[in-house]
Amino acid sequence: MTDAKVRVRFAPSPTGPLHIGGVRTALYNYLFAKKHGGDFLLRIEDTDQTRFVPGAEEYVIEALKWCGITPDEGPGFGGEYGPYRQSDRKGSYREYAEQLIKDGKAYYAFDTSEELTEMRDRLKLAKVASPQYNTITRETMRNSLTMSSDDVENQIAEGMPYVIRFKMPRKEEVRVHDIIRGWVLVNTDTLDDKVLFKSDGMPTYHLANIVDDHKMKITHVIRGEEWLPSAPLHVLLYEAFGWEAPKFAHLPLLLKPDGNGKLSKRDGDKLGFPVFPLEWKDPSSGEISSGYREQGYFKGAFINMLAFLGWNPGTTQELFSMDELIQAFTLERVGKAGAKFDPDKTKWFNQQYLRSKTDAELAEAIKPISEEMGYQKSDEFLAGVCTLMKERASFIPEIVTGGIYLFEKPETYDEKTVSKKWKEDTPDRMRSLMGDFEKIENFDSSEIEVVFKAFLERESLGMGAVLPNLRLLVTGEGMGPSLFEIMALLGKEESLDRMKTGIDKLS
RNA sequence: GGCCCGUUCGUCUAGUGGUUAGGACCUCAGGUUUUCAUCCUGGUAACAGGAGUUCGAUUCUCCUACGGGCUACCA
């Protein structure tokens, strides 16, 4: 298998929207696969029927597509190892579980959930360190190890519900090699007899992932650190089946920006940044969680930021396209420690991407936003807006909101500037300046500037005495981009009109 | 509680048995700019603690502390 084509999988369960930690796991899988010319597959792990959330699978697929993490195989993507939804493979798991029973490596268990809690309570009372269904306690429970084979057959024939449990061996050292962490040693005495096959006829994650990874010829399992504790079980399962295990890499977790703990759904809206790639509306509560796409993030910036949360190229380069990430990515350079999500850095990445776009590209991006706000402007005008605003925006919508005065006349005038700069004689000066502007035939920024400077010269005035007031009249603001360029963009008629209106309002 | 994983500036991180411990974000100070933003220059800021190995440990080992994960017929 070491020489086989690299095949990795991203295996989410459709229990809700994919959050950015999941996206990062998918991304690392994808980068690794592409780096080695391999396949990236999407497999839906929906063996828990009770946790199914409508729309979640569609969400995952749409999110991956938006990110540019396109599966080579998966539901809706084709592939020779399908189906790629575990519920559609339901029929294929039982035989494997029974094979294990035949080999003496698993057994039937008939205990009810009440009996299980009773057992755990009893052990807890007896101060057992870790109450679990294991090599000791299974002797006292109702299973095919303690019952006669006739009893077992009768129970099954009568339709008594049962599960199939893995018969954890006693006192064995299990060695799991992890590409990121090295060797992890665990004694089987600390492990329990995990359920492999549930009474509802579905396998648990543990069985399903081993069987499917084997059948789908997965070579590397790259998943979150939360799976590390069950990795020894998985290694044991591969041994029990006599299959070669894939290589493992357990990724560090994404942590909350403040305080501690795993990043969760709640953190995002609380701290004002999305935790999801796409907006998600909870089908039962109707609650909406914001998404990076809807917030105006560039997918490239989003991916770039995510890639750097737990990985780095070892150089000082920080801006990477997807292709560059593929080239540079190695699992060995993935860190061991969890990374706190940093909204500020995310913003910085987005700003870098925004500034690398052409005005025409940005114009296209702000068009729907401005139209939604009720402005119908030409592409040329929008590109002009972008020229002026891109240096002071981190996000696409800010180009419009930050330069709203480019779209409509000012309603109010910045009070601070008014009280500081607007004097008794200002209206007359502004009227005089208007007169000069009226004479300009070619109303472009350099011409406006020439006329403006000539005006200052003639009136013996400084920039500071006149320009802020002019800006106030034209934009209503005390600060902003080059005023001459703003006026040129607005045009002569509009600029003069704003001056006139403003003078009247402020006088 | 038990098992497992982890710990370098506030954050993301680089790094080596001997370095002025480097970069980026944030922040602060200056410069540029009519203003704001951008941009430029500079500054503050870290090896969790304790033992041990060693001529010498941030780096290797152990212990402690702290953080995290897992501990379901969930994934």
Side-chain angles (χ1 to χ4, degrees), chain A residues 11-15 45-48 50-51 86 109 111-113 116-117 120 124 127-133 161-165 176 178 180-181 184-187 189-192 194-206 208-209 223-232 250 252-253 255 257-262 305 308-318 333 335-349 351 355 388-394 402 414 417 421 452 456 462-471 477-484:
Chain A
S13 62
T15 53
E45 309 234 330
D46 56 351
T47 53
D48 185 358
T50 63
R51 294 212 305 163
Q86 289 183 327
D111 316 276
T112 63
S113 60
L116 290 172
T117 19
R120 291 194 185 101
K124 236 177 270 174
K127 299 234 165 73
V128 172
S130 50
Q132 51 187 12
Y133 207 119
Y162 64 86
V163 299
I164 297 175
R165 286 182 180 271
V176 180
D178 184 282
I180 295 170
R181 287 152 219 283
V184 177
L185 307 182
V186 182
N187 194 293
D189 281 357
T190 66
L191 272 20
D192 63 346
K194 276 275 177 302
V195 171
L196 301 178
F197 198 83
K198 301 185 276 184
S199 59
D200 66 357
M202 280 290 222
T204 61
Y205 169 83
H206 302 295
N209 105 83
R223 79 236 286 198
E225 193 184 351
E226 68 267 28
W227 294 109
L228 195 51
S230 55
H250 290 93
L253 265 17
L255 276 16
D258 69 331
N260 301 105
K262 206 160 109 173
M305 171 279 289
F308 269 69
L309 239 35
W311 172 86
N312 77 84
T315 65
T316 54
Q317 185 184 348
E318 293 201 89
R333 291 205 69 89
K336 295 176 174 56
K340 282 186 186 167
F341 179 77
D342 184 354
D344 277 330
K345 192 75 183 248
T346 306
K347 185 176 168 180
W348 177 80
F349 270 113
Q351 185 187 31
R355 296 176 53 183
L388 293 180
M389 300 306 300
K390 71 194 283 190
E391 290 295 304
R392 58 206 73 218
S394 293
D414 183 66
T417 312
K421 297 287 182 181
F452 180 81
L456 291 185
M463 274 273 199
V466 188
L467 206 98
N469 283 323
L470 181 56
R471 178 183 297 280
E477 298 287 337
M479 56 184 86
S482 161
L483 187 56
F484 307 122

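Convention: sequence-line order gives letters A, B, ...; per-chain numbering from 1.
- The nearest whole Å value for the distance from the CG atom in L255(A) to the P atom in rG69(B) is 7 Å.
- Atom NE2 of H206(A) sits about 5.5 Å away from atom NZ of K194(A), to the nearest 0.5 Å.
- With hydrogens and angles ignored, no donor-acceptor pair closer than 3.5 Å exists between the side chain of R355(A) and the base of rU38(B).
- For the pair F484(A) and D342(A), both in contact range of RNA chain B, the more 5′-proximal nearest nucleotide belongs to D342(A).
- Put simply, the side chain of S199(A) and the base of rC73(B) share a donor and an acceptor less than 3.5 Å apart.
- Note: W227(A) and Y205(A) have parallel aromatic rings, judged against thresholds of 30 and 60 degrees for the angle between ring planes.
- Here the straight-line distance linking atom CG of N209(A) with atom CD of Q86(A) works out to 7.5 Å at 0.5 Å rounding.
- A sub-4.0 Å separation between OP1 or OP2 of rC73(B) and a side-chain N or O of R51(A) is absent.
- Using N1 to N3 plus N6-O4 or O6-N4 for Watson-Crick, or N1-O2 and O6-N3 for G-U wobble, each under 3.5 Å, rA75(B) pairs with nothing.
- If E45(A) and Q351(A) are placed on RNA chain B by their nearest nucleotide, the residue sitting closer to the 5' end is Q351(A).
- In this structure, D342(A) CG and F349(A) CZ are separated by 9.5 Å, a value rounded to the nearest 0.5 Å.
- For the OP1/OP2 pair of rA72(B) and a distance below 4.0 Å, the side-chain nitrogens and oxygens of K198(A) include no atom meeting the criterion.
- One can place CG of L467(A) at 14 Å from P of rU33(B), the figure rounded to the nearest angstrom.
- A sub-4.0 Å separation between OP1 or OP2 of rU33(B) and a side-chain N or O of S482(A) is absent.
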